[in-house]
Amino acid sequence: MIEAHGLTKVFQDRKRGEIRAVDRVSFRALPGQIYGLLGANGAGKTTTLRMLATILQPTEGTARVAGYDVVQEPEKVRQHVGFLSTATALYGRLTAEEMVAYFGRLHGMEENALRARIEELFTTLDMHSFRDRRCDKLSTGMKQKVSIARTLVHDPPVMIFDEPTVGLDVMTARTIVGFIRDCRARGKTVIFSTHVMSEAEKLCDTIGIIHNGTLRAEGTLAELQRRYNETDLEEIFIRVVEQPA
Amino acid sequence: MTLRNVLIVYRKELLDMMRDRRTLFATLVFPLVLFPLLSTGFAKLSEMSLEKTRREAQRIMLLGEEHAPELAARIRADEQFDVVAPEANFREQINEKKLRAAVEFPPGFQASLEQGAPAPEIRIYLYQTELRSEAAAERLEAIAREYREQVVGRRLASRGFSAALLKPVETRREDVARAEQVAGMRLGRLLPYFIILLCASGALHPAIDLTAGEKERGTLETLLASAARRIELVAGKFLVVLTLSLVTTLLALGSFAYSVLYLQRGGSGASETFTVSAGSAVLVFALVLPVAVLLSGVLLALAVFAKSYKEAQSYTGYVMLGVLLPAIGSVLPGVEINPVTAWVPILNVSLVAQEIFTGSFPWLSIALVLISSCVYAALGLGLAAWQFNREEVLFRA
């Protein structure tokens, strides 16, 4: 489960001064469900997810991820989280297997358990044919599979996806979408950010619309449609971001 | 911080680095070939150049030869010169390097000598700063000097005096320095400078690749999302940079030792030999280790600040300059180890290593340098760790 309480992140910029990238964001994501953070570029999605993954520290507020506090126990949080984004690239000079094994070890896995888990993942994701190939020699689809295996190697109960399909072709994006659905089916808590309305409509059990760092609206698709008397998510989104904060 | 995670990061980064061609070249190939190339290559080149100069007779011109037949005959007899017929445009020929020098004998030169009167001045025309022209002029002056001494000797003898009257006092130089001290002063002055430069050059590429390189390739965020603490990540990366810096230095020193042995066996004509005792080598290594720590830490800290590989290269370029200046300072005359220079990073190790290579062990200075270097090393390492914990540095847009 993820429980965010007044998450706030302030950056200091020499030219622009203080920037509140995320301002008092609170929400709850449940196991076996997908929580979608919908927002335009620069809305604060990535910063929110980076705080949940403890890559960034909140300026104010906190969150509990898989029962651990992101401020007090960041290492515990990361041990229970799988984080995937377009910015999380692979080490080109490592093979697919070395890449997955490296992160398994960093997550504290013992060697025997790690070997068994790699075999399981490589079979599930059909990766045996390129397990010894260097990551910089892999196709985009193969790279995505390695990234998925890397996020799943320690079998985390919480999955965080930051715009995971941006820049991917249709087939590779479908693999990712299928993977996100599979995580939900396995009872994991899934949070994912996107600015693509159709993705949010198809995948999310709960949608949170974020704009200028604040969470402006939240609910299931049906709840949002009722509240704004609108069926099209894009129209709902526009109305939400245009209303005064 | 757990040692397990530090070692996991260390092993992975080392493997990653060893698969990078640039690192392999900078760490293994370059230091191995540097000194053999410098020593054998340059020795061969200078030998070839000397041989060529020896084989080539230097073209000179004698103007007014009839006024000084004796001296002219001596010059003609010298194998070094190829005397060509006089021409009016000798100045142009010297300028165009077709002629190395010209000698002009004034009228009445020989007659003045025979009368015992002071002879008029001989002029030697040359191209100043042109090495072969200067060499020719020097040789011509030497022949004239020998001739003068002979004339003076003849004059004294004709008056019944000995030529020894001209040299009432004689001096002779005798070198009392041990052969290894002579060699130590020559090689030992340069060696610390090379060691420190090699430490920096060995650390440079890995420091950039493991930080700015990660940012550029987008793997830094992947790594930060792992369960390892940042201090474990930076410690693992730091140890790799330090390892490669020391490997580069040791390989280069090995190749240096081989080159020195090669030159000594090759009969370079030098009577002195350069030897370093095992104790001195260990002591210098103990002094260089904190310098390598300092350089690795500072380079990591600077490189992680950069957004890209290219930006990191420009920042670290200043570090290399900062390393060069004190290292060069250590070979300047008059700069010695004292309680003040012992606190100047890099310069202190360079100076004290020179002392050790020449066979003297100023223990107080050595201790002071070791303490100050360890302080700077801790600061360098702390700087790298601090930078790695700054979000504004890691996610600098």
Side-chain angles (χ1 to χ4, degrees), chain A residues 9-14 19 21 46-47 49-59 73-95 98-99 101-111 114 134-136 146-147 150-151 153-154 156 160 162, chain B residues 1-24 205-206 209-237 240 305 307-309 388-397:
Chain A
K9 186 68 187 178
V10 178
F11 293 114
Q12 300 296 331
D13 187 272
R14 274 190 194 163
I19 299 163
T46 297
T47 305
L49 297 188
R50 280 177 174 172
M51 283 192 283
L52 292 176
T54 76
I55 293 169
L56 291 177
Q57 204 173 17
T59 312
E73 304 156 290
E75 289 85 29
K76 286 277 181 199
V77 170
R78 289 200 296 275
Q79 265 181 6
H80 293 84
V81 162
F83 182 71
L84 182 70
S85 84
T86 43
T88 50
L90 303 173
Y91 287 108
R93 297 190 286 257
L94 293 191
T95 65
E98 285 166 348
M99 178 77 199
Y102 178 48
F103 280 85
R105 289 189 189 106
L106 284 180
H107 282 297
M109 294 181 77
E110 291 305 324
E111 214 53 34
L114 176 63
R134 276 169 55 153
C135 290
D136 56 6
V146 179
S147 284
R150 191 264 306 162
T151 55
V153 66
H154 55 303
I160 299 174
D162 183 20
Chain B
M1 182 164 75
T2 68
L3 186 62
R4 179 184 183 269
N5 277 354
V6 174
L7 290 177
I8 289 169
V9 175
Y10 176 77
R11 274 200 298 266
K12 178 263 160 191
E13 299 293 18
L14 201 58
L15 176 74
D16 203 343
M17 287 282 90
M18 286 298 101
R19 287 181 183 168
D20 178 40
R21 275 187 207 153
R22 278 185 297 187
T23 308
L24 277 180
H205 176 67
D209 193 83
L210 297 180
T211 51
E214 281 230 30
K215 276 189 188 177
E216 200 170 81
R217 295 188 292 267
T219 50
L220 189 62
E221 197 164 335
T222 318
L223 187 61
L224 294 175
S226 77
R229 292 168 189 219
R230 286 190 190 166
I231 188 74
E232 293 164 349
L233 300 179
V234 73
K237 285 173 182 288
V240 171
F305 184 76
K307 282 179 281 189
S308 64
Y309 199 98
F388 239 79
N389 274 304
R390 293 174 67 204
E391 288 173 357
E392 64 269 37
V393 166
L394 296 178
F395 295 97
R396 207 171 137 243

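Letters go in sequence order (proteins before strands), and every chain restarts at 1.
If you measure heavy-atom distances from B:L394 to chain A, you find no contacts under 4.5 Å at all. With a threshold of 4.5 angstrom between heavy atoms, B:R11 does not approach chain A through any atom at all. Residue contact with chain B, scored on non-hydrogen atoms closer than 4.5 Å, involves the side chain of A:E98 exclusively. Neither the backbone nor the side chain of A:S147 comes within contact range of chain B, judged by heavy atoms closer than 4.5 Å. For a residue to count as touching a neighbouring chain, one of its non-hydrogen atoms must lie under 4.5 Å from one of that chain's; by this rule A:L106 touches chain B with backbone and side chain alike. Using a 4.5 Å cut-off between heavy atoms, A:M99 contacts chain B through its side chain alone, with no backbone atom that close. In this structure, no portion of B:E232 lies under 4.5 Å from any heavy atom of chain A.
Remark: the backbone N or O of A:Q57 is paired with a side-chain donor or acceptor of B:E391 at under 3.5 angstrom. At distances below 3.5 Å, at least one donor-acceptor pair connects side-chain atoms of A:R78 with backbone N or O atoms of B:S226.
In this structure, B:R4 and A:G108 approach most closely via the heavy-atom pair NH1-CA, 3.7 Å. For the pair B:D16 and A:R93, the tightest heavy-atom approach, listed with the atom from each and the gap, is OD1-NE, 2.6 Å. Heavy atoms only, all atoms of each residue included: A:I55 and B:E221 are closest at CD1-CG, 3.9 Å. Annotation for A:Q79 and B:A227: closest pair CG-CB, 3.5 Å, computed over non-hydrogen atoms. For the residue pair B:N5 and A:R105, the shortest heavy atom distance occurs at OD1-O, 4.1 Å.
No more than 12 heavy atoms of other residues, nucleotides or ligands lie within 6.0 Å of CZ in B:R229, so this atom counts as exposed by the packing criterion.
With chain B as partner, the option from A:H154, A:R50, A:R150, A:Q12 having the largest number of non-hydrogen pairs under 4.5 angstrom is A:R50.
Contact check for A:Y102 versus B:L223: side-chain heavy atoms found under the 4.5 Å cut-off. In this structure, A:F103 and B:T222 have side chains that are in contact, with non-hydrogen atoms separated by less than 4.5 Å.
Atom-to-atom distance recorded for A:Y91:OH and B:E13:CD is 5.5 Å, nearest 0.5 angstrom. Between the CG atom of A:L94 and the NZ atom of B:K12 there is a distance of 5.0 Å, given to the nearest 0.5 Å.
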